[in-house]
Amino acid sequence: MIVHRFACGVINTHLYAQLRKPWGIQAMARPSSDLAAFREIFSKSNNIAIITGAGVSAESGVPTFRGAGGYWRKWQAQDLATPTAFAHNPSCVWEFYHYRREVMLTKNPNAAHLAIAECEERLSKQDRKVTIITQNIDELHRRAGSKNLLEIHGSLFKTRCTMCGHEEANYKSPICAALEGRGAPDPDAHDAQIPVEQLPRCEQRGCNGLLRPAVVWFDETLDADILSHAEKVLDNCDLCLVVGTSSVVYPAAMFAPQVAVRGVPVAEFNMENTPATERFKFHFHGPCGTTLPPALARHESEPN
């Protein structure tokens with residue numbers, strides 16, 4: 001797989017065209033919604049890759065900041081989740097992420113997260129492996145109990161120092177005193193214009209540098225080690241699930257189509273078709289919390 005050098009971003013027109021272009025036999029058959037056929041393949045798979053996106057968390061009430069109404073104040077995520085935005089207005093960007101952190105502390109994993117975690121634990125006892133590759137930064141997979149997890153876009157609950165580079169988990173609420181009560185998403189809310197010295201600061205001895213969320217912003221390169229690990233998982237999987245992802249944010253948008261090209265069954269679970277749907281063997285339409293649990297439940301061939 002050639003994914004190493006992609007930066008995070010919304011898929012461009014060239015990549016969209018590549019997804020829409022016929023790729024051999026993958027474009028010849030429409031995807032099936034035959035659950036029994038999927039379950040038969042699932043029962044024989046030993047290395048399962050599950051790629052998840054914002055749709056899997058939407059059922060937990062997590063704002064996606066995409067599509068109609070996907071705004072915080074007057075901005076969409078791609079307006080604020082950039083190095084340029086942080087350099088220009090770190091106060092506003094921190095208000096946005098403070099709001100998201102506080103919202104996430106009120107949300108819980110849904111049936112889809114729990115089904116994935118249960119499947120991973122159950123199959124591990126059969127010497128079968130499930131790896132979750134998520135674009136989400138909400139940690140709901142982790143809270144559901146998933147262990148074999150690659151968070152390719154980072155986490156809302158980690159910070160990185162802009163001076164010394166130290167990265168660590170941070171679950172403080174609020175993350176700093178100046179952000180308490182800030183971050184209201186109302187379009188009429190005024191920016192707090194918090195002085196930079198009052199924003200979250202590094203606590204490493206002798207540093208006190210400005211902290212930023214340890215997430216991958218638009219136009220930033222994904223962590224090379226995590227991406228390499230994801231590539232190995234996808235190169236070795238014998239079944240791939242794509243759950244709640246729009247297939248428009250790359251490089252993740254290219255992951256499942258590349259798996260499908262080498263003849264591995266790919267099953268998409270989503271509320272709607274995506275640019276990549278016709279590449280896949282299966283498509284299951286509907287809420288992930290409804291469609292995924294029966295797909296990943298214990299198969300009759302599995303030991304009790």
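For the numbers below, each heavy atom of this structure counts, side chains included, while hydrogens, waters and symmetry mates do not. Because the structure is a prediction, the values reported are computed rather than measured.
Looking at K129 and E120, no side-chain N of the basic residue comes within less than 4.0 Å of a carboxylate O on the acidic one, giving no salt bridge. The pair E203-K172 counts as a salt bridge, with a side-chain nitrogen and a carboxylate oxygen less than 4.0 angstrom apart. By the 4.0 Å N-to-carboxylate-O rule, D191 lies close enough to R73 to be salt-bridged with it.
Side-chain atoms of L241 and F38, non-hydrogen and from C-beta on, do get closer than 4.5 Å to each other. Side-chain atoms of V130 and S124, non-hydrogen and from C-beta on, never get closer than 4.5 Å to each other.
Considering H141, R142, Q135 in turn, R142 is the only one that fulfils the side chain to side chain donor-acceptor pair (under 3.5 Å) rule with E151.
Note that CZ of R160 and CG of N170 are 13.5 Å apart. Values are rounded to the nearest 0.5 Å. Note that CD of E167 is 8.0 Å distant from CG of D223, once rounded to the nearest 0.5 Å.
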Side chain to side chain contact (heavy atoms under 4.5 Å, CB included), that's the test. Do H299 and R39 meet it? Break it down for me. CA-CA 7 Å; H299 190 267; R39 295 275 293 161; 3.9 Å; yes
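Inspection of the H166 and E168 side chains reveals an N or O donor paired with an N or O acceptor under 3.5 Å. For the 3.5 Å distance criterion, the side chains of T274 and E268 qualify, holding a donor opposite an acceptor.
For K107, there are no salt bridge (charged side-chain N to carboxylate O under 4.0 Å, His left out) partners at least two apart in sequence or on another chain. With sequence neighbours left out, the ring pair (Phe, Tyr, Trp, His ring centres under 6.0 Å) criterion links H98 to no other residue.
Around atom CD of E197, more than 12 heavy atoms belonging to other residues, nucleotides or ligands sit under 6.0 Å away.
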